[in-house]
Chemist: 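Here it is, the structure, as structure tokens.
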Amino acid sequence: MSPAPTLAIWIHLVSAGLALALGSLLLMRRKGSASHRALGWVWVVLMASVAVSSLFIHSTTLPNIAGFTPIHLLTLLVVVMLPLAVHAARTHQVARHRKYMLGMFIGGLIIAGLFTLLPGRLLGNLLRQAWLG
């Protein structure tokens with residue numbers, strides 16, 4: 001049986017889920033509008049929350065250094081890319097902004113999300129227990 005999720009895991013999971021949903025919406029909608037900018041700031045806050053909360057989630061079962069596993073490299077990606085993406089948007093570097101945001105969406109949410117479903121990972125184990133009983 002997997003251990004109970006900590007507050008950091010709940011914050012991480014809820015923030016990531018909301019960022020995934022909102023990011024999907026933002027990618028489908030018209031860019032550059034006032035609503036895109038407002039919702040974009042919400043997405044930035046959610047992604048910052050995902051990154052910060054991940055720093056409090058450690059593994060002792062996977063290969064790690066002081067509890068940090070290779071998936072924490074995606075935290076570094078978000079911490080570096082998020083301000084660069086905001087700066088690109090604010091300086092009207094649209095192509096660069098799009099590249100950074102899409103990279104974080106795919107790497108920081110999609111790929112990282114798939115890694116959490118691997119056997120031995122807490123979320124993957126919890127979901128399998130919920131579905132399989």
Side-chain angles (χ1 to χ4, degrees):
M1 183 167 187
S2 295
T6 64
L7 178 60
I9 291 171
W10 280 114
I11 290 169
H12 188 74
L13 182 59
V14 170
S15 296
L18 291 172
L20 182 62
L22 181 57
S24 299
L25 178 70
L26 286 166
L27 288 172
M28 290 187 287
R29 292 179 41 149
R30 181 177 166 269
K31 312 302 183 272
S33 65
S35 67
H36 178 82
R37 287 190 297 276
L39 291 173
W41 278 112
V42 173
W43 192 82
V44 166
V45 170
L46 287 169
M47 287 301 291
S49 175
V50 170
V52 170
S53 63
S54 75
L55 297 173
F56 297 94
I57 302 170
H58 301 281
S59 174
T60 56
T61 59
L62 297 174
N64 70 80
I65 298 172
F68 294 103
T69 62
I71 199 168
H72 284 95
L73 292 174
L74 294 170
T75 299
L76 182 60
L77 169 87
V78 172
V79 167
V80 169
M81 300 299 283
L82 204 54
L84 291 175
V86 170
H87 179 263
R90 294 182 63 83
T91 57
H92 307 287
Q93 299 173 51
V94 176
R96 181 171 287 171
H97 173 72
R98 181 183 306 116
K99 176 180 148 183
Y100 291 159
M101 288 298 195
L102 196 54
M104 282 185 288
F105 183 82
I106 293 170
L109 292 172
I110 303 293
I111 292 173
L114 291 173
F115 274 118
T116 65
L117 300 177
L118 292 173
R121 302 288 297 181
L122 177 63
L123 184 58
N125 291 346
L126 290 172
L127 289 174
R128 276 185 284 287
Q129 285 176 6
W131 290 334
L132 302 175

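When a residue number appears, it is its place in the shown sequence, counting from 1. The structure presented is a predicted model; accordingly, all values stated were derived computationally and were not measured.
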Chemist: What distance do M101 atom CE and M47 atom CE have between them, rounded to the nearest 0.5 Å?
Modeler: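 Taking CE in M101 and CE in M47, the distance rounds to 9.0 Å.
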Chemist: Taking the side chain as C-beta and beyond, is there a heavy-atom pair between L20 and I110 under 4.5 Å?
Modeler: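 In short, these two side chains touch, coming nearer than 4.5 Å.
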Chemist: Checking the side chain of K31 only, and the main-chain atoms of L26 only, is there a donor and an acceptor separated by less than 3.5 Å?
Modeler: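 Pair found, side chain donor or acceptor close to backbone of L26.
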Chemist: Under 3.5 Å, sequence neighbours excluded: what are the donor-acceptor pairs made by side chains of residues 9-18?
Modeler:
| unit_1 | atom_1 | unit_2 | atom_2 | d |
| --- | --- | --- | --- | --- |
| H12 | ND1 | V50 | O | 2.9 |
| H12 | ND1 | S53 | OG | 3.0 |
| S15 | OG | I11 | O | 2.8 |
| S15 | OG | S49 | OG | 2.8 |

Chemist: Can you name the side-chain contact (heavy atoms from CB on, under 4.5 Å) partners of V80, sequence neighbours left out?
Modeler: L76, L84
Chemist: Do I71 and I57 share a hydrophobic cluster, counting only Ile, Leu, Val, Met, Phe, Trp and Tyr and linking them when any side-chain heavy atoms are less than 4.5 Å apart?
Modeler: no
Chemist: Heavy-atom count check: over 12 atoms from other residues, nucleotides or ligands less than 6.0 Å from I65 CD1?
Modeler: no
Chemist: I need the R29 CZ to L22 CG distance, nearest 0.5 Å.
Modeler: 9.0 Å
Chemist: Which pairs with one or both residues in residues 69-116 pass ring-ring contact (aromatic ring centres under 6.0 Å, His included), sequence neighbours excluded?
Modeler: F68-H72
Chemist: Is it the case that one hydrophobic cluster holds both L82 and L73, taking links as side-chain heavy atoms less than 4.5 Å apart, direct or via other members?
Modeler: no
Chemist: Rounded at 0.5 Å granularity, tell me how far CZ in R90 sits from CZ in R37.
Modeler: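 Reported value, rounded in 0.5 Å steps: 10.5 Å.
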Chemist: Do you reckon V86 sits in the same ILVMFWY cluster as L77, going by side-chain contacts under 4.5 Å, direct or chained?
Modeler: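 As far as the 4.5 Å side-chain criterion goes, L77 and V86 are connected within one cluster.
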Chemist: Check for me, please, whether V79 and V45 land in the same ILVMFWY cluster - side-chain distances under 4.5 Å, paths through other members count.
Modeler: no
Chemist: Supply the atom-to-atom distance L27 CG to W43 CH2, rounded to the nearest 0.5 angstrom.
Modeler: 8.0 Å
Chemist: Are a donor atom and an acceptor atom from the side chains of R96 and T91 found within less than 3.5 Å of each other?
Modeler: no
Chemist: Between L74 and A112, which heavy-atom pair has the shortest distance, and what is it?
Modeler: CD1-CB, 3.5 Å
Chemist: First locate atom CG of L46, then atom CG of L109, and finally report the distance between them rounded to the nearest 0.5 Å.
Modeler: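 Output value for this atom pair is 9.5 Å.
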Chemist: Which value, rounded to the nearest 0.5 Å, describes the distance between I111 atom CD1 and T116 atom OG1?
Modeler: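 Output value for this atom pair is 12.5 Å.
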